[in-house]
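Written out below as structure tokens is the structure these notes cover.
Sequence lines set the chain letters: A, B, ... in the order given, protein chains first and strands last, and positions in each chain run from 1. What's counted below: heavy atoms across the whole structure, side chains too, no hydrogens, waters or symmetry copies. Note that the structure is a prediction, hence the values are computed from the model and not measured.
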Amino acid sequence: VHLLISSVVAGLLVGAVYGLFSVGLSLSFGVLRLVNFAHGDLVMGGMYGASALIAATSISIYVAIPLIALAAVPFGLLLFAMFFQGTGTRNDHDQLIISLGLALLLETAAVNLWGNDARALNPLSIPSVTIGWLHLSQPQVVAFGVAIVLTAAIDVILRSTPIGRAVRAVVADREVALLMGVNEKRVFAGAFVVSVVVAAISGVVLYGYLPVTPATGSDFILIAFMVVVLGGIGDVRGSFAAGLLVGLVENITATYVNTSVQDVAVYALFVLAIIFRPTGLLGRGVA
Amino acid sequence: MNPPTSPSISRPARVQPLVWLSRRSSSFVVLIVCEIAVLLFSRHSAYYTSVALEWTTFALLAQGFNLIAGYGGRMAFGNVMFFGISSYLVVTGAVHHWFPELVGLPIALAVSAVLAYLLSLALWRVSGLLFALATFALATMLGQLVTVFSVFGKSAGLQEPLAVHTSVVHLAFITQFTYLVIGAVLVLLAVVATAWFGRSTVGRELQAARDDRTAASTSGIKARHVTALAWMLSAVITAVAGVFYAQYNLFVEPTSAFGLSTITLIVVPAILGGMGTLWGPVVGSIIIPLGLLLSRLSNGHGVASLNLLIYGAILIVVLRVYPGGLVSAWRALVGTRLARSGAARSTTAPSSAARSTTAPSSAAPSTTAPSRGSGRLARGCGAPPRSHATAGHNRHRPPAAGDRRSQELRRGEGPAGRDLLGRPRGDGRPARPQRRRQEHPVQLHRRRGEGGQRPGGAGRAGHHPPRRPPAGPARHRPDLPDHQALPEPVGPRERGGGDAAPVRVHRRRGARR
């Protein structure tokens, strides 16, 4: 039972972060209709950013969170202006392939900047938290907290502020939203930047307990895709819940079956969901 | 009213594909000459031979991808799975002495074909972006599954024994150069197959189904079946490439067989050359050897994996600057001359003209003509109906043609002087009003009361407002208030409201007959 509980808890902790960066992807998916293949690499960018920052200034990883988040804003704007501005209205597939190219660029850039070797925090420096007999690493718990707070914040913003309403309007019907005076360009740029920032923050908190290599991005991107589809596109709470679910399934399979199949169960779930419940498991997806 | 006899097909199909091939043989001769040149050039250098082998592999793969993604409008990112499956099948069979490679080859092809067919049926309702994701996830899933079983050598992969002497049963040849010759032949065959397919009845139906699924099924096209067939052919080409790759490498390994990097290498040539064009993938695949050679030049000093950097940059630049790819750029440059000479022939086939991707809303030239911002709306209404009943043969293209003409074609007129619903132009139906182009997209939607994205639209991702909903807009009224239900861009909604539409339309037609 201990094993089960600990794997459940670990699954939930990881799943929350999955949920977090998937919320970012969900935003760009829902608003820009952008299937962002580079999203995982943005998470990876956050991890490397944290790694570089910590190596250079030896600050705590928690201080790195707001710093990286701030740095991600202009970066996101730059990416948007360079790659995605104006492609949104044209065609879904173009954007998708552009983002595939961007993913390739980011990954190669990471290889060239930081090499192929894995980087991680010094494991000895990671404090742990003990609840009863359950030992968790502190960054993991903090990551969980950050994920919940950020997702809740995004959810509240989307639900009850004018900006959020504008975004939801665009998700629901781009043309009508335009007609109602929503500044489409700003919403696009804003949503993209938010998704980049969210990805970067997830990267930082993940770096607290996971190593990073240039290939990390492509691992995350699949998870993010699956979470978004399972949760229902454009559905923040659904994405978060699906993130938890994916984390859970992964960890339980890893514990009881085999680590190397941990994702197979998730993929199977995903394909079945796509065929049978394309609006998401919770069935509230907008798109 | 005219009985909707799949018109998009009937006319051009009168030219037998094989006859057409022989007429267009000049461009194939060019291909053969190029291939021979490459063969001669790389003959004496092991390195150049290996680069050229890589080149042929990805030319094949890109052509396979083009068939389903370009002609079929289905972004089958997971096409790589057939590559992986076939190479794994052949190598596994050989390593464990279950069956020799020559037997493995047809097995691999059959498995890929059947799998593609079934998958296409299963994923039919899943449209656009979700389809890309689903196939991508499937491929990755297979890649992970392979690493679990020791039969497949886990994550290390399998190594075939080195050939000691040439043996057809083992598809084993001593020199890499022999493989290269075979590869050249395969590329030629793939192009011929694509050309033939593109001109065949099924190919025509496929393109009609791509451009407007509802209209196509209204015209009696079994869109689902046709798309499945196309994916089957695509899977077979991909599987051939997989076996070929496994045989000259004598090695399979999960990441190269199923990985995202291979997907990228498949997509890059197709995009660069131009999707939905016959020659695009082959022309575009020149980037593969270029990238490899460049990255070798810069080896040691400069950037690592420069070729990947180049590929990524090319994807972005091509799509941002000239979404139609090289072939349509070339066509815009040379214009009529080329259109006559036939290199662009397949692409001037009614609906497929060099779009970068196939969603009708894409109207590729939007960068060249940015003013047509709302391309989706402009489509199908800009050009006054022209009587180009002969357009199917392209021989009679007006001389000024160039890009302009193909844009018109692309924008909406269905094949051979019919609109997409299969009614001949000039059947008394009022010409598409010019006004739509000038207007603001939103106003337009509102006025017509069919906001471009009605739930229950044509059931595809890059849809555009059906210009004439087959059963009249009234049918869809009930859906209208349902604004939060945006069918774009991905499937989900279609299961709900959308499902019924094509079927219902179909039935009505049937009843009338």
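Crowding of B/Leu118 atom CG: a count of heavy atoms from other residues, nucleotides or ligands under 6.0 Å exceeding 12.
Heavy atoms of B/Leu308 lying under 4.5 Å from chain A belong to its backbone as well as its side chain. Neither the backbone nor the side chain of A/Met226 comes within contact range of chain B; no heavy atom of the residue lies under 4.5 Å from a heavy atom of that chain. Contacts of A/Leu102 with chain B are made by both backbone and side-chain atoms, with heavy-atom separations under 4.5 Å.
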Kindly determine whether A/Val229 and B/Leu133 satisfy side-chain contact (heavy atoms from CB on, under 4.5 Å), including the steps that lead there. CA-CA 9 Å; A/Val229 172; B/Leu133 283 192; 4.1 Å; yes
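Of all the listed residues (B/Val267, B/Leu123, B/Ile263, B/Thr140), the one sharing the greatest number of non-hydrogen pairs under 4.5 Å with chain A is B/Thr140. Comparing A/Leu106, A/Leu100, A/Ile221 by heavy-atom pairs within less than 4.5 Å of chain B, the highest count is held by A/Leu100.
The main-chain N or O of A/Val35 is found under 3.5 Å from a side-chain atom of A/Ser99 such that the two form a donor-acceptor pair.
B/Glu253 and B/Ser256 are linked by a side-chain donor-acceptor pair at a separation below 3.5 angstrom, with hydrogens and angles left out of the test.
Classified by interplanar angle (parallel below 30°, tilted 30° to 60°, perpendicular above 60°), the ring pair B/Phe136/A/Phe37 is perpendicular.
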